[in-house]
Amino acid sequence: VNTYPMGLTADSFDIDPGDYPLGTVTVNDGGLTIDKAPLTIKAKDQTYEYDGKPHGEGDPAYDDPAVIAGKVEAEGLQGSDEITSLVLDGAEEEIGVYKDRIEITGFTINGKPEVKDNYNVTLLPGTLTITKPQPQPVVPDRFLVTFNANGGTGTMADQTFTKDTT
C-alpha cells in the first residue's frame, strides 16, 4: 500500500525532433498507487446452555486455521492471505443474550503483524447467548403397574398383583 512513481523525464525518451517540428514534448510522470483493501472480520455468534460456568471467550489466542474459521468470518482477504492468529474476548455466566459481547481484540494475517496494514479493517463483534438448561427426564426408582389379565394374580419384580374384578 503506497504510491510508486515511474520516474519518467524527457530524457527517458529518444525523440527525433523531425517527428514534431511544430511543438514540444511534455512528459508527465505517472505512477502506480495501491490502496488498502477493505477487510471485514466478524466474530461468530456463540450459544451455550447454562451450567453455572462462564462461557464465551476469555482472551485466548487461537492459531489453528480450523478453529479460527469456526470463530470468525472474514470478507475481503486478498490472494492467499489468511488469518493465522486470533484473539477474542467476552464471557458471561448467567442466562441471557449479550449483544456484541464477543469481541476481536487481536489478529495476524500470514503470521506477520504488518500485513494487516494493507487493509482498511472493520471488526464486528458477535452475540453471546446463554440459554436455560433443558429439563432432564426424571427416572422414578419405583413403578406402579396396573394390569388386568385373565388368571387372577401374578408376581412381577417381587411385587404381587391381583386381578381387578371391577
Provide the closest heavy-atom pair for Phe107 versus Lys116 in the form atom of the first, atom of the second, distance.
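In this case the closest contact between Phe107 and Lys116 is O-NZ, 3.2 Å.
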Search all heavy atoms of Ile102 against all heavy atoms of Gly56 and return the closest pair with its distance.
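Residues Ile102 and Gly56, closest heavy atoms: CD1-CA, 4.2 Å.
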If you group Ile, Leu, Val, Met, Phe, Trp and Tyr by side-chain heavy-atom gaps below 4.5 Å, do Val97 and Tyr50 land in one group?
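Each belongs to a different hydrophobic cluster.
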Would you give the length of the straight line joining atom [atom1] of [X] to atom [atom2] of [Y], rounded to the nearest 0.5 angstrom?
X      : Y     : atom1 : atom2 : value
Glu92  : His55 : CD    : NE2   : 11.5 Å
Arg101 : Asp45 : CZ    : CG    : 14.0 Å
Ile34  : Tyr4  : CD1   : OH    : 5.0 Å

Atom pairs and distances, side-chain donor-acceptor, residues 64-80, under 3.5 Å, sequence neighbours left out:
from: Asp64; atom 1: OD1; to: Ala66; atom 2: N; distance (Å): 2.8
from: Lys71; atom 1: NZ; to: Glu57; atom 2: OE2; distance (Å): 2.8
from: Gln78; atom 1: NE2; to: Gly76; atom 2: O; distance (Å): 2.8

Given side chain to side chain contact (heavy atoms under 4.5 Å, CB included), test Thr3 with Leu32 step by step and report yes or no.
CA-CA 6 Å; Thr3 298; Leu32 171 66; over 6 Å; no
Count the heavy atoms belonging to other residues, nucleotides or ligands that lie under 6.0 Å from NZ of Lys36, then report whether that count exceeds 12.
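Atom NZ in Lys36 is packed in, count exceeds 12.
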Around atom NZ of Lys112, are there more than 12 heavy atoms of other residues, nucleotides or ligands at under 6.0 Å?
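No.
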With Asp81 as reference, evaluate Asn118, Asn110, Leu39 under the side chain to side chain contact (heavy atoms under 4.5 Å, CB included) test and give the passing residue.
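With Asp81 as partner, Asn118, Asn110, Leu39 yield a single side chain to side chain contact (heavy atoms under 4.5 Å, CB included), made by Asn110.
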Go through Asp59 and Val87 one step at a time and tell me if the side chain to side chain contact (heavy atoms under 4.5 Å, CB included) criterion holds.
CA-CA 6 Å; Asp59 216 22; Val87 180; 3.1 Å; yes
Output side-chain donor-acceptor pairs under 3.5 Å for residues 120-133, partner residues at least two apart or in another chain, one line each.
from: Thr131; atom 1: OG1; to: Tyr48; atom 2: O; distance (Å): 3.3

